[in-house]
Asker: 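Structure incoming, see below.
Below, read A as the first sequence line, B as the second, and so on, with proteins coming before strands; counting in each chain starts at 1.
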Amino acid sequence: DAMVIQNPRYQVTQFGKPVTLSCSQTLNHNVMYWYQQKSSQAPKLLFHYYDKDFNNEADTPDNFQSRRPNTSFCFLDIRSPGLGDAAMYLCATSWGAGQPQHFGDGTRLSIL
Amino acid sequence: KNEVEQSPQNLTAQEGEFITINCSYSVGISALHWLQQHPGGGIVSLFMLSSGKKKHGRLIATINIQEKHSSLHITASHPRDSAVYICAVLGLKETSGSRLTFGEGTQLTVNP
């Protein structure tokens with residue numbers, strides 16, 4: 001049974017049109033992470049939530065935002081996607097900092 | 001120089017062969033992940049280890065903390081093992097906020 005669920009698996013949006021990616025978890029984990037992975041590159045951490053505390057990485061672009069309305073759900077909002085934002089976006093969860101991370105299947109975002 | 005280096009970058013094997021993928025790191029860590037990623041797919045966590053050796057089915061992972069080195073072994077390899085294998089180290093909380101630092105990945109292809 002999937003424990004970290006990302007929707008949709010594939011998302012296509014237009015240049016500059018806002019898009020939201022979704023992640024939900026059934027593990028009741030405290031920490032949720034969003035990673036960006038471009039082709040043939042390692043995943044790059046964008047930000048993470050520890051409970052309701054939001055932690056942004058220093059080099060995460062300003063047009064990337066996140067919301068965590070409750071323990072189970074976390075959203076990635078891209079306000080004005082550019083062509084360079086086309087990537088696989090991975091959500092992960094962990095019980096706490098320093099604990100094993102459980103990854104979702106990812107959402108592949110394409111920009112037209 | 002990357003903080004996490006994997007070798008080889010690409011590996012082709014015949015079905016049934018014994019496979020070894022290596023990972024070296026240069027930072028202090030609290031644990032090390034071995035991850036598997038199939039083409040276009042999400043990431044599956046295979047192991048998290050901080051010392052010694054772990055075994056799961058045909059997969060074996062070892063780590064030598066003093067030498068800052070880990071290996072992932074696959075016995076009796078099968079075409080379905082074809083994937084990218086990623087080494088990721090969990091940094092120390094005081095120096096990296098318990099972030100994962102990823103290696104570049106090893107593309108494994110197992111031919112029938």
Asker: Name the atoms and distances for all side-chain donor-acceptor pairs under 3.5 Å in residues 67-82 of chain A, with sequence neighbours left out.
Answerer:
residue : atom : partner : partner atom : Å
R67(A)  : NE   : D77(A)  : OD2          : 2.7
R67(A)  : NH2  : D77(A)  : OD1          : 3.0
R68(A)  : NE   : N70(A)  : O            : 3.4
R68(A)  : NH1  : N30(A)  : O            : 2.6
R68(A)  : NH1  : D51(A)  : O            : 3.1
R68(A)  : NH2  : H29(A)  : O            : 3.0
R68(A)  : NH2  : T71(A)  : O            : 2.9
N70(A)  : OD1  : S72(A)  : N            : 3.0
N70(A)  : OD1  : F73(A)  : N            : 3.0
D77(A)  : OD1  : T20(A)  : OG1          : 2.6
R79(A)  : NH2  : D62(A)  : O            : 3.1

Asker: Does anything in residues 26-66 of chain B pair up under disulfide (SG to SG under 2.5 Å), and if so which pairs, sequence neighbours excluded?
Answerer: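 Output for this query is empty, none listed.
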Asker: Determine whether the aromatic ring centres of Y33(A) and F103(A) lie less than 6.0 Å apart.
Answerer: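 No, the ring centres sit 6.0 Å or more apart.
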Asker: Name the member of P100(A), A42(A), C91(A) that forms the most heavy-atom pairs with chain B at distances under 4.5 Å.
Answerer: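 Top count of heavy-atom pairs under 4.5 Å with chain B: P100(A).
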Asker: Measure Q6(A) against the heavy atoms of chain B and call it side chain, backbone, both or neither at under 4.5 Å.
Answerer: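 Neither the backbone nor the side chain of Q6(A) comes within 4.5 Å of chain B.
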Asker: Please state whether the side chain, the backbone, both or neither of Q107(B) comes within less than 4.5 Å of a heavy atom of chain A.
Answerer: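 Contact with chain A: none, neither part.
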Asker: Please rank E57(A), R108(A), R9(A) by heavy-atom pairs under 4.5 Å with chain B and give me the top one.
Answerer: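 Maximum pair count with chain B is reached by E57(A).
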Asker: What about the rings of F47(B) and H33(B), do their centers lie closer together than 6.0 Å?
Answerer: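 When the ring centroids of F47(B) and H33(B) are compared, they turn out to be at least 6.0 Å apart.
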